[in-house]
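Okay, structure first, notes after.
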2 protein chains.
Amino acid sequence: MDKKGRSVNGSKKTIGSSDVARLAGVSRSAVSRAFTPGAYISPETRQRVVEAAEMLNYSPNAIARSLSKKSSGLVGIIASNLDNPYYALMLSALSSALQAKGYGILLLIAELDDMDALIPKLLSYQVDGVILPAATLSSKMAVVLERSGRPVVLVNRYLQQDVVSSVSGDNYGGGTAVADLLVKGGHRRIAYMAGLDDTSSSRDRGQGLKDRLATHGIAIYAQEAGQYRHVDAVAAARRLLSMTPAPDAIFCANDIMAMAALEVAKVEYGLKVPAELAIVGYDNSDPASWPLHQLTSVDQHLEDMVKLSVEMLLRKLVSGDTTLEHLTVPASLVVRASTRQTG
Amino acid sequence: MDKKGRSVNGSKKTIGSSDVARLAGVSRSAVSRAFTPGAYISPETRQRVVEAAEMLNYSPNAIARSLSKKSSGLVGIIASNLDNPYYALMLSALSSALQAKGYGILLLIAELDDMDALIPKLLSYQVDGVILPAATLSSKMAVVLERSGRPVVLVNRYLQQDVVSSVSGDNYGGGTAVADLLVKGGHRRIAYMAGLDDTSSSRDRGQGLKDRLATHGIAIYAQEAGQYRHVDAVAAARRLLSMTPAPDAIFCANDIMAMAALEVAKVEYGLKVPAELAIVGYDNSDPASWPLHQLTSVDQHLEDMVKLSVEMLLRKLVSGDTTLEHLTVPASLVVRASTRQTG
DNA sequence: CTCTAACCTGCACGCGCGTTCACATTGCCA
DNA sequence: TGGCAATGTGAACGCGCGTGCAGGTTAGAG
């Protein structure tokens with residue numbers, strides 16, 4: 001490439017507004033205005049510009065635009081555990097909602113790298129806001145985000161230190177509802193299969209269960225952790241079901257673990273569900289309703305959560321309001337054949 | 001806001017490299033070099049710059065950088081059907097692979113808006129390349145992409161017109177392997193449950209099955225479309241199983257449909273699997289291996305496909321090579337309890 | 001016919017950074 | 001000590017676009 005060469009393919013010069021302007025016989029500003037809704041420009045001029053643009057295969061450079069506008073039109077999302085369909089669904093819903101509002105999504109995955117390295121990367125791309133679905137945020141990075149002045153919303157998580165806004169399902173309430181259902185069903189040896197220990201969602205679901213059981217004068221019978229994953233849940237279910245006496249009900253912190261428990265109970269222990277063992281999941285995911293599972297589950301209304309998250313973010317975005325907010329979306333029990341109605 | 005005002009919060013001026021330079025007592029160029037690997041700068045100077053940068057919470061503006069570099073460091077991905085865990089997994093793998101190479105991901109979802117509107121949006125953000133997992137690309141947009149000069153890779157899809165590079169699983173080969181397995185198992189009334197009609201993956205899997213059956217002197221017994229979705233697959237399975245005589249084997253174009261078929265067969269028709277009916281899925285997804293399903297499935301080695309896709313894209317990216325390539329990743333059969341080994 | 005208001009258009013500047021180039025500084029060897 | 005190479009410095013420019021401002025054009029009112 002020569003001194004001013006365009007790297008490899010010198011012929012493929014990037015076309016800019018000036019090229020369009022020349023072809024249309026107008027100024028560069030006119031081109032800009034032709035692509036800016038609500039700008040002073042005559043229909044004829046716009047027409048000429050648009051035609052020239054199409055001829056040249058031109059579209060405004062969003063990167064350059066965001067430089068002067070000081071707004072990229074991008075929202076950063078740091079996702080993880082996309083192998084869990086629930087989070088995949090959440091990402092999908094988030095993307096759709098943001099896209100409908102005209103925002104693009106800058107996606108980072110927090111599997112290998114840790115969050116602390118990802119946040120600065122996100123910020124360097126000048127994202128207008130950040131949504132963190134199901135992510136554990138270090139307090140250090142929370143401060144960095146805070147200092148960046150960009151709005152941040154945590155979905156279905158919250159932090160001990162109150163530094164970031166959040167939208168969550170009512171995990172505690174979901175736990176209490178399950179407690180009521182199981183007690184009504186006549187169960188007394190009720191076990192809890194937790195998810196990941198360091199997530200507020202798993203803790204709150206368990207706490208809701210325990211607290212409500214306590215008001216019924218019942219203590220939790222056992223607790224194991226299934227890490228929200230099928231393999232670990234299978235092991236956890238085995239530990240629970242090999243107790244003597246075995247629990248007569250298991251509340252699992254998500255559907256995947258519940259289905260694992262269902263399998264272990266039926267296939268390995270030959271138990272009748274729900275006659276001998278009731279199983280309750282969480283998320284009310286699609287497979288929960290499938291005939292083979294018929295799993296009672298807690299629906300936390302993902303769509304609503306996502307909708308509110310995006311609304312909250314956009315509100316902060318346009319208003320510049322930096323006050324913290326915490327929204328809770330009610331959860332509702334969906335009763336199916338994996339639990340019995342009366343004792 | 002006043003004439004030169006910083007929109008709403010006037011105090012929060014964005015800090016640039018000049019601010020850092022002033023604090024560190026060096027020139028703007030020195031700051032730039034401190035953040036550019038392999039640039040002439042003494043360790044001491046870099047140290048001072050980095051300290052000043054941290055103090056000011058500064059990080060280089062990737063947007064501004066990409067303006068002059070003519071490369072955004074972003075790869076565009078248009079995804080869809082993230083409610084299907086398989087595609088979610090693919091997205092996750094793609095993201096991780098790209099991220100490991102230092103690229104960011106600009107994600108768009110093609111549910112509501114159609115692709116044709118999304119492609120220009122992607123291009124306006126100056127993405128360095130585009131990866132289209134499981135997307136149907138209109139020929140018009142294929143041309144737009146071609147003219148943009150940016151490398152594009154289609155994953156597990158290809159087009160009739162040979163205009164875009166692709167990496168695919170060996171769908172045809174997967175179909176033939178299933179045919180062999182089923183014939184060996186003594187089945188003669190073999191049905192195919194297709195996915196989406198306009199996808200090459202579904203067509204190729206079916207064609208592989210039919211062609212290989214033909215060499216065994218067997219014609220396909222029936223075919224229904226399940227749209228790759230559980231609900232539609234349940235309906236399709238009912239149509240198939242209510243035939244007289246019913247098929248003695250169903251090959252489904254993905255695992256979700258296979259599980260649906262499994263449910264209908266067991267729950268509604270009380271059939272013994274695999275004694276009375278064999279069922280084969282595709283993708284070898286996680287649930288296929290779960291005890292309750294034990295589903296024979298075709299593994300198309302998603303990880304390999306993704307790895308090759310990203311490698312291909314990056315190769316085109318750095319070399320500027322624009323020749324079309326089509327890679328095929330072999331598929332392998334994973335036999336489980338939903339099929340019998342011998343007739 | 002003149003004056004003013006309404007409407008367009010083009011100029012010039014700035015956004016934050018990478019890069020280049022001429023120059024200043026240092027280090028090294030003779 | 002002189003001179004040359006190696007290395008660091010700072011001013012200037014370009015990247016592509018938005019936009020305030022001033023100038024220009026037109027139409028309608030008086």
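No experiment lies behind these values; they were computed from the predicted model shown. Each chain gets a letter, A, B and so on, in the order its sequence line appears, and its residues count up from 1.
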Pick base, sugar-phosphate or nothing for A:Tyr58, based on heavy-atom distances below 4.0 Å to the nucleic acid. sugar-phosphate
Return the value, rounded to whole Å, for the distance between atom [atom1] of [X] and atom [atom2] of [N].
X	N	atom1	atom2	answer
A:Tyr125	C:dC17	OH	P	14 Å
A:Arg65	D:dC17	CZ	C1'	8 Å
A:Asn61	D:dC15	CG	C1'	9 Å
A:Leu67	D:dG14	CG	C1'	12 Å
B:Phe35	C:dC17	CZ	C1'	12 Å
B:Asp19	C:dC17	CG	C1'	13 Å
A:Leu123	C:dG16	CG	P	16 Å
B:Gln126	D:dC15	CD	P	14 Å

Taking the side chain from [X] and the backbone from [Y], do they hold a donor-acceptor pair closer than 3.5 Å?
X	Y	answer
B:Asn61	B:Ala64	yes
A:Asn81	A:Asp83	no
A:Lys121	A:Leu108	no
A:Gln99	B:Ile109	yes
B:Ser72	B:Gln126	yes

Respond yes when some side-chain nitrogen or oxygen of [X] is under 4.0 Å from OP1 or OP2 of [N], and no when none is.
X	N	value
A:Ser32	D:dG18	yes
A:Lys70	C:dG14	no
B:Ser17	C:dC17	yes

Under 3.5 Å, N/O pairs linking protein and nucleotides 22-28 of chain C:
none

If a protein heavy atom is under 4.0 Å from the base, mark B; if only from the sugar-phosphate, S; if neither, -; do that for nucleotides 5-12 of chain D going 5' to 3'. ---SBBBB
State, without any angle test, whether A:Ser42 and A:Thr45 hold a side-chain donor-acceptor pair at a distance under 3.5 Å.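 Present: a donor and an acceptor within the cut-off.
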Salt-bridged, A:Glu44 to A:Arg48, with N to O below 4.0 Å? no
Quiz: residues 30-40 of chain A side-chain donor-acceptor pairs under 3.5 angstrom, not counting sequence neighbours:
from	atom 1	to	atom 2	distance (Å)
A:Thr36	OG1	A:Ser32	O	2.8

Going by the side-chain contact (heavy atoms from CB on, under 4.5 Å) test, name the single residue among A:Leu107, A:Leu106, A:Leu118 that passes it with A:Ile78.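 Exactly one candidate clears the test, A:Leu118.
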